[in-house]
J.: 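This is the structure I have questions about; it appears just below.
Convention: sequence-line order gives letters A, B, ...; per-chain numbering from 1. Heavy atoms only: backbone and side chains are in, while hydrogens, waters and symmetry mates are out. Please read these numbers as outputs of a predicted model, since none were measured by experiment.
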2 protein chains.
Amino acid sequence: MEKLENYYNQIKNSPVFFGMSDDELKGLLECFNARIRKYEKDEMIIRQGDMISNIYLILDGGVNIEKDSYWGRRIIISRLGKNDNLALSFVGSKDVESSVDAITVEDTLVLVLRYEKCTSMCQNACTRHKVLINNLFQILSKENIELIQKIENVSQKTIRDKLMTYLSNEAMKNHSNSFDIQFNRQDLADYLNVDRSAMSFELSKLQKEGLITYSKNHFELLS
Amino acid sequence: MEKLENYYNQIKNSPVFFGMSDDELKGLLECFNARIRKYEKDEMIIRQGDMISNIYLILDGGVNIEKDSYWGRRIIISRLGKNDNLALSFVGSKDVESSVDAITVEDTLVLVLRYEKCTSMCQNACTRHKVLINNLFQILSKENIELIQKIENVSQKTIRDKLMTYLSNEAMKNHSNSFDIQFNRQDLADYLNVDRSAMSFELSKLQKEGLITYSKNHFELLS
DNA sequence: ACATTTCTGTTGTTTTTACAACAAAAATAT
DNA sequence: ATATTTTTGTTGTAAAAACAACAGAAATGT
C-alpha cells in the first residue's frame with residue numbers, strides 16, 4: 001500500500017490544493033478521506049453511467065477519457081497525466097452520471113478524494129474550502145479551454161488539416177517545434193477521429209513533403 | 001437604455017446568482033459594476049484574441065460561439081441563449097485570451113459584469129462571493145459536460161450518424177421526440193462540421209426512410 | 001537469442017463527402 | 001402585392017476517407 005506521506009509534496013503543489021498551508025491541506029485531506037489507489041494498465045477508473053462522488057487526482061501514470069459510440073467506435077476525448085484530475089465536472093453537476101469512461105493506459109497511481117463527504121460536512125464551516133473551490137473553478141476553466149481546442153482539432157475537414165492543427169497546438173504547448181506526443185498512432189487516430197492507416201499515410205506524406213519529421217512519438221515541425 | 005430593475009427577477013433566478021438573498025444580489029451587482037448592454041444581430045461581443053475581464057449573462061436573444069479555422073472555414077462551438085453566460089472559462093483562467101468569437105444571431109440583451117473588479121475588491125471579504133463561486137463552479141461543470149457531448153456529436157463518422165446523434169441528444173434534452181432545434185441548416189452544418197448541401201440531402205433521405213420527419217426547425221424522431 | 005505479440009506503414013478498392021451549380025421555397029423589404 | 005434576398009433541397013462530379021489486407025519494424029515475453 002502506497003503511503004500518502006510519500007506524495008505529500010506533489011499533492012501540495014497540485015492545482016487542486018495549490019496555495020494552501022500545510023495545516024489547511026492536512027485538514028482537507030482528512031475531510032476528503034483521502035486515500036491512494038493503484039490501478040493497473042487498462043483498468044477502468046470510471047465507467048459510462050457511473051454516479052460520481054469522488055474526485056481523482058493522478059499522482060503518476062496516464063489515463064484516457066473515452067466514449068464508445070453506438071457502433072463500437074472508440075472516441076478519445078482527452079489524455080490525462082500527472083497532476084491532472086478526473087471527474088471534476090461530474091461531481092460539480094449534481095446527480096449527473098458520467099458520460100465517459102476513464103481508462104488507464106499504464107500503471108497509474110491515483111489520489112481518491114470523497115468530494116461529497118467533504119462538502120456535506122464542512123461546506124460552510126471551513127475557510128480552506130474557499131481556497132479549494134477557487135482552485136477547482138480555475139481547473140475547470142482550463143479544462144474547458146482545452147476541450148474547445150480539442151473541438152478545433154477534430155473540426156478540421158481533412159486528415160492533413162487535423163494533423164497539422166493538432167501538431168501546431170502541441171508545439172505551442174511545448175514552446176518548441178520539437179516535441180513528444182502522448183499518443184501512439186491508434187490512439188491519435190481515435191483522438192482525431194480518423195482511420196489509423198489513412199492517418200499514417202498522411203503522416204508520411206507530410207514528411208516526404210518536408211513539412212514535418214518524426215520517428216515514433218517524437219515530432220518536429222519544419223520551416 | 002434598458003433598466004436593470006426590469007430584469008431583476010430574471011437575474012435573481014439565473015444560475016450565476018441562484019440561491020442569493022436580495023441583499024446579497026444587490027451588493028454583488030454593485031460590486032460587479034453591473035450594467036445592461038444591447039447588441040444588434042451579427043455583432044461581436046467577444047473576438048478571438050481579446051483579453052476577457054467581464055462575464056456576460058444573456059438576458060434575451062441568442063449568441064453563437066464560433067472559431068475561424070485557417071482557411072476561413074467557420075466552426076460553431078455552441079449556441080447560447082437566455083440565462084446562459086459567456087466567457088466564464090476565460091476569466092477563470094488568468095491571462096488567457098479568448099480563443100473564440102461570440103457573435104449575436106439576433107438582437108441580444110446582455111448583463112455585463114466586471115469580474116476582475118469584483119474579485120480584487122472583495123474576494124476575501126464578502127460572504128456572497130462564496131455562493132457566487134460555488135455557482136460558477138457548477139455552471140462550468142455543466143458547460144464542460146455539454147462540450148463533451150458536442151465532441152460526441154461531431155465525432156461520429158458519417159453525416160447520418162452525426163445527425164442522428166445530434167437529434168437524439170436534442171430529444172433527450174427536450175424530454176420528447178418532437179422538438180425545435182436552434183440552428184438553421186447552415187449553422188447546423190457548421191456545428192456538425194459537414195457540408196450543408198450534403199447534410200440537407202442526408203436529412204431528406206432520413207425522412208424518406210421514415211426515421212425522422214421535419215419541417216423548418218421542427219424535428220420529430222420516429223419509432 | 002528466439003518466438004510472439006503489438007505497432008506502424010503501404011497499397012488498392014469502395015464508400016462517403018465536399019464542392020459547385022442550380023431550382024424551389026420561404027422570408028424580407030418596398 | 002411584387003420584387004429581392006435568404007434559405008433550403010437536389011443533382012452530378014471530383015476529392016478524400018474508410019476499410020481491408022498485408023508486410024515490416026519494434027516491443028515484449030520466455
J.: Arg73(A) has an atom CZ; how far is it from atom P of dA18(D), in whole Å?
T.: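 It is 8 Å, rounded to the nearest whole Å.
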J.: Roughly, in whole Å, what's the span from CD in Gln186(B) to C1' in dT5(D)?
T.: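 Interatomic distance, CD of Gln186(B) to C1' of dT5(D): 16 Å.
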J.: Verify the distance criterion only: is there a donor paired with an acceptor across the side chains of Asn193(A) and Ser155(B) at less than 3.5 Å?
T.: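 Side chains of Asn193(A) and Ser155(B): pair found under 3.5 Å.
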J.: What's the closest nucleotide to the side chain of Asn184(B) if the choices are dT7(D), dA18(C), dT8(C)?
T.: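 Selected nucleotide: dT7(D).
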J.: For the helix from dA1(C)-dT30(D) to dT30(C)-dA1(D), how many degrees between its two end axes (five pairs per end), to the nearest 10°?
T.: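 What I find for the helix from dA1(C)-dT30(D) to dT30(C)-dA1(D) is an axis angle of 60°.
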J.: Do the side chains of Lys41(B) and Glu106(B) get close enough for a salt bridge, i.e. N-O under 4.0 angstrom?
T.: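 Looking at Lys41(B) and Glu106(B), the cut-off is not met.
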J.: How would you list, by chain and number, every residue that makes a salt bridge (Lys or Arg N to Asp or Glu O under 4.0 Å) with Asp187(A), sequence neighbours excluded?
T.: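 So Asp187(A) forms a salt bridge (Lys or Arg N to Asp or Glu O under 4.0 Å) with Arg74(A), Arg79(A).
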J.: Go through dA18(C), dG9(D), dA27(D) for me and flag the one nearest to the Lys216(A) side chain.
T.: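 Minimum distance to the Lys216(A) side chain belongs to dA27(D).
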J.: Search all heavy atoms of Val91(A) against all heavy atoms of Ser53(A) and return the closest pair with its distance.
T.: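 In this case the closest contact between Val91(A) and Ser53(A) is CG1-C, 4.0 Å.
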J.: Assess, by modelled atom type and distance only, whether the side chains of Asn217(B) and Asn184(B) contain a donor and an acceptor separated by less than 3.5 Å.
T.: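 No pair is found: no donor N or O on one side chain lies under 3.5 Å from an acceptor on the other.
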J.: Quick one: does Glu43(A)'s side chain have a donor or acceptor within less than 3.5 Å of a partner on Glu40(A)'s backbone?
T.: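 Answer holds: yes.
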J.: Heavy atoms within less than 4.0 Å of DNA chain D: which residues of residues 187-206 of chain B have one? Give them sorted by number.
T.: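 Here the set is Arg196(B), Ser197(B), Ser200(B), Phe201(B), Ser204(B).
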J.: Let me know the distance between CD of Gln156(B) and P of dT16(C), rounded to the nearest Å.
T.: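 Rounded to whole Å, this separation is 15 Å.
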J.: Backbone N or O of Gln48(B) within a donor-acceptor pair of the Asp101(B) side chain at under 3.5 Å?
T.: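 Checking the backbone N and O of Gln48(B) against the side chain of Asp101(B), a donor-acceptor pair under 3.5 Å is found.
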J.: Evaluate the ring planes of Phe219(A) and Phe179(A), with Trp represented by its six-membered ring, and classify them as parallel (under 30°), tilted (30 to 60°) or perpendicular (over 60°).
T.: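 Aromatic pair Phe219(A)/Phe179(A) classed parallel.
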J.: Using atom CZ of Arg160(A) as one end and atom C1' of dA18(D) as the other, report the distance to the nearest whole Å.
T.: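 Arg160(A) atom CZ is separated from dA18(D) atom C1' by 18 Å.
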